[in-house]
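Please read the structure below before turning to the comments.
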Amino acid sequence: MPFHIKDEADRCLNCKKPLCRQGCPINTPVPTMIALLKEGKIQEAGELLFSNNPMSLVCSLVCDHEQQCEGHCVLGRKGNSVYVSTIEHYISNTVFDNLKIKCEAPNGKKVAVIGAGPAGITISILLTQKGYSVTLFDAKEKIGGVLQYGIPEFRLPKTILERYKKKLLEIGVKIRPNTSIGSALEIRDLVRDGYQSIFIGTGVWRPKKLGVKGESLGNVHYAIDYLVNPEVYDLGESVAIIGMGNSAMDVARTALRHGATKVTLYGRRFKPNASENEVLYAKMDGAHFEFCKQIMEITDDGPVFSDILYNEEGQQIGLSKELEYVKADSTIISISQGPKSKLVNTTDGLEATKNGLLMTDEKGQTTIPGIFASGDVVLGARTVVEAVAYSKIVAEAMDAYMKDENSIPLQESVK
């Protein structure tokens with residue numbers, strides 16, 4: 001065991017009321033995990049983590065730990081918190097490939113999972129464990145969704161997703177890449193082919209527009225598009241990024257690794273809205289920050305801003321009359337994203353909110369009995385761990401639906 005891992009494990013106080021666990025959206029059993037590791041039972045620790053969170057290996061790298069488990073550690077009140085993420089990653093990474101996922105005998109019922117992101121992968125694993133035959137559809141060639149196409153390699157090695165694919169195939173999940181449901185195939189086709197329940201976890205892949213003049217120019221791009229394949233973009237040396245969320249930090253750090261020499265992020269408020277660690281990493285990588293800026297226009301030479309004026313209470317009171325013309329080879333917009341509308345447009349009865357998010361009840365059932373959803377397509381752009389936590393609830397609801405003889409059959413719900 002690496003020495004620093006042992007040191008961190010030894011620092012855990014094994015609190016009777018572990019605040020670290022309370023701070024975790026999926027209630028990771030941190031003290032038990034650490035105790036098992038110290039007892040030399042790393043396999044048991046890994047199995048415990050996986051059973052609680054099938055995406056533990058991913059979450060150990062991409063979660064906002066300083067606001068969750070580590071941020072709630074009592075040791076952090078007067079010193080450094082236990083680095084729970086480092087311990088969790090060591091355990092999950094060591095054990096993952098040798099995990100034997102126990103599955104019940106096949107029950108003869110088929111489930112379609114649309115979207116191979118964190119929610120879709122979680123649902124596929126949990127329902128396969130319950131004996132269902134799962135087919136996982138995704139519009140892209142590789143599984144992972146935002147993990148594959150929205151988080152850079154330096155934050156999440158893509159080999160991890162290949163390991164998940166191998167594990168899915170190992171337990172019998174069928175994977176159909178490059179298959180967009182709502183195009184050639186529609187939900188009614190899945191129903192015709194005997195799927196007893198359908199899960200939708202298609203994420204949010206439609207970038208939010210600024211709505212300013214110049215947004216369609218050739219030197220302007222959207223963050224979610226850029227992160228899919230940065231190699232195909234020629235951004236030049238100077239890059240302006242509109243937005244200061246986690247995706248904006250990923251864009252900044254990626255652009256700096258692909259030849260940009262000056263990268264500046266512009267935000268409307270007094271501070272970034274990304275996690276503290278991601279901001280620190282972006283600064284260490286060389287990114288610059290400009291605050292209280294309102295984008296007014298984008299030109300061939302770069303963005304144009306006006307200063308936002310605030311009063312002493314932090315309330316916006318207006319904009320400066322003077323415009324600031326920023327010189328930049330490329331401008332990248334990173335202010336949020338929403339879901340695409342293919343499924344809603346091609347499925348009668350499937351309803352969405354005014355923002356395009358799928359409408360569900362508290363257990364993830366959509367407006368069509370037998371069709372469920374979770375993840376970003378329901379909650380909006382959120383964290384991986386939140387998607388997984390909600391998907392655990394949805395998997396139980398789907399299981400209950402398919403076992404309930406009084407449920408309205410999917411074949412009657414979709415015409």
Side-chain angles (χ1 to χ4, degrees), residues 25-26 53-63 111-128 134-153 155-169 173-183 198-208 222-230 245-247 250-251 254 334 336-343 356-358 360 364 372-392 394-395:
I26 204 165
N53 176 6
M55 301 301 292
S56 175
L57 178 53
V58 170
C59 289
S60 67
L61 292 176
V62 304
C63 268
V111 175
V113 175
I114 305 172
I121 292 173
T122 300
I123 292 287
S124 297
I125 292 171
L126 295 179
L127 291 184
T128 300
V134 175
T135 298
L136 179 58
F137 299 85
D138 198 84
K140 299 185 182 296
E141 62 178 300
K142 296 182 179 180
I143 73 162
V146 68
L147 304 176
Q148 183 76 247
Y149 298 103
I151 298 180
E153 173 78 20
R155 281 222 293 136
L156 179 67
K158 300 306 181 272
T159 52
I160 288 178
L161 300 176
E162 285 300 311
R163 292 161 70 187
Y164 268 94
K165 179 182 178 181
K166 182 179 179 182
K167 192 63 68 175
L168 288 168
L169 295 173
V173 175
K174 300 178 182 68
I175 300 175
R176 283 194 61 166
N178 298 317
T179 306
S180 178
I181 306 300
S183 297
I198 295 172
F199 172 80
I200 300 172
T202 46
V204 285
W205 293 97
R206 179 174 50 80
K208 183 179 180 180
Y222 293 108
I224 197 167
D225 297 328
Y226 172 69
L227 290 172
V228 168
N229 191 359
N246 284 327
S247 290
D250 286 340
V251 169
T254 301
S334 181
S336 190
Q337 58 266 0
K340 294 183 177 180
S341 56
K342 281 183 179 180
L343 289 175
L357 301 173
L358 289 180
T360 68
F372 295 77
S374 74
D376 290 354
V377 75
V378 174
L379 302 171
R382 303 283 278 273
T383 64
V384 174
V385 70
E386 287 175 301
V388 177
Y390 188 23
S391 296
K392 289 175 66 176
V394 176

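Only heavy atoms go into these numbers, but all of them, side chains included; no hydrogens, no water, no symmetry mates.
A heavy-atom distance below 4.5 Å is not found between the side chains of Arg163 and Lys166. Residues Val251 and Tyr226 form a side-chain contact, since some pair of their non-hydrogen atoms from C-beta on lies under 4.5 Å apart. When side chains are defined from C-beta on, Pro339 does not count as touching Leu358, because their heavy atoms never get closer than 4.5 Å. The side-chain heavy atoms of Ile121 and Pro54, taken from C-beta on, include no pair separated by under 4.5 Å. Taking the side chain as every heavy atom from C-beta outward, Lys174 and Val134 never approach each other to under 4.5 Å. Between Phe372 and Thr360 the shortest side-chain heavy-atom distance does not fall below 4.5 Å.
Of all heavy-atom pairs spanning Cys59 and Val384, the tightest one is SG-CG1, 3.9 Å. The minimum heavy-atom distance linking Leu61 with Pro157 is given by the pair CD1-CD, 4.0 Å. Shown here for Val385 and Pro25, the closest heavy-atom pair between the two residues is CG1-CG, 3.6 Å. Taking each heavy atom of Ile123 and Ser391 in turn, the nearest pair found is CD1-O, 3.3 Å. Heavy-atom minimum distance, Thr122 versus Pro118: OG1-O, 2.7 Å. For the residue pair Leu168 and Ser124, the shortest heavy atom distance occurs at CD2-CB, 4.1 Å.
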*Could you check Tyr222 against Leu227 for side-chain contact (heavy atoms from CB on, under 4.5 Å), going step by step and ending with a plain yes or no?*
CA-CA 9 Å; Tyr222 293 108; Leu227 290 172; over 6 Å; no
*Give the C-alpha distance, both sets of side-chain angles, the deciding distance and a yes or no for side-chain contact (heavy atoms from CB on, under 4.5 Å) between Val204 and Val377.*
CA-CA 6 Å; Val204 285; Val377 75; 5.5 Å; no
*Between Leu357 and Leu379, does a side-chain contact (heavy atoms from CB on, under 4.5 Å) hold up when you go through it step by step?*
CA-CA 7 Å; Leu357 301 173; Leu379 302 171; over 6 Å; no
_Check against side-chain contact (heavy atoms from CB on, under 4.5 Å), Val378 and Tyr390_ = CA-CA 10 Å; Val378 174; Tyr390 188 23; 3.9 Å; yes
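Judged by distance alone, the side chain of Thr383 and the main-chain N or O of Glu386 form a donor-acceptor pair under 3.5 Å. In this structure a side-chain-to-backbone donor-acceptor pair under 3.5 Å is present from Thr179 to Pro177. One N or O on the side chain of Ser60 and one on the backbone of Leu57 form a donor-acceptor pair closer than 3.5 Å. Put simply, the side chain of Lys158 gets close to the backbone of Leu156: a donor and an acceptor are under 3.5 Å apart.
Asp376 is linked by a salt bridge (Lys or Arg N to Asp or Glu O under 4.0 Å) to nothing, counting only residues two or more places apart in sequence or in another chain. Listed by chain and residue number, nothing satisfies the salt bridge (Lys or Arg N to Asp or Glu O under 4.0 Å) test with Arg206 (two or more places apart in sequence, or in another chain).
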Show every donor-acceptor pair shorter than 3.5 Å between a side-chain atom in residues 142-150 and any protein atom, with sequence neighbours excluded, or say none if there are none.
unit_1	atom_1	unit_2	atom_2	d
Gln148	NE2	Ile143	O	2.9
Tyr149	OH	Lys142	N	3.2

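In summary, of the residues considered (Ile198, Thr202, Asn178, Ile181), a side chain to side chain contact (heavy atoms under 4.5 Å, CB included) with Phe137 occurs for Ile181 alone.
Between Arg155 and Asp250 there is a salt bridge, since at least one side-chain N of the basic residue sits less than 4.0 Å from a carboxylate O of the acidic one.
By the 6.0 Å contact criterion, NZ on Lys167 is enclosed, its count of non-hydrogen atoms from other residues, nucleotides or ligands being greater than 12. Shown here is Lys392, whose NZ atom has more than 12 heavy atoms of other residues, nucleotides or ligands within 6.0 Å.
Rounded to the nearest 0.5 Å, atoms OG1 (Thr159) and OH (Tyr164) are 12.0 Å apart. Atom SG of Cys63 is separated from atom CG of Asn53 by 7.5 Å, given to the nearest 0.5 angstrom.
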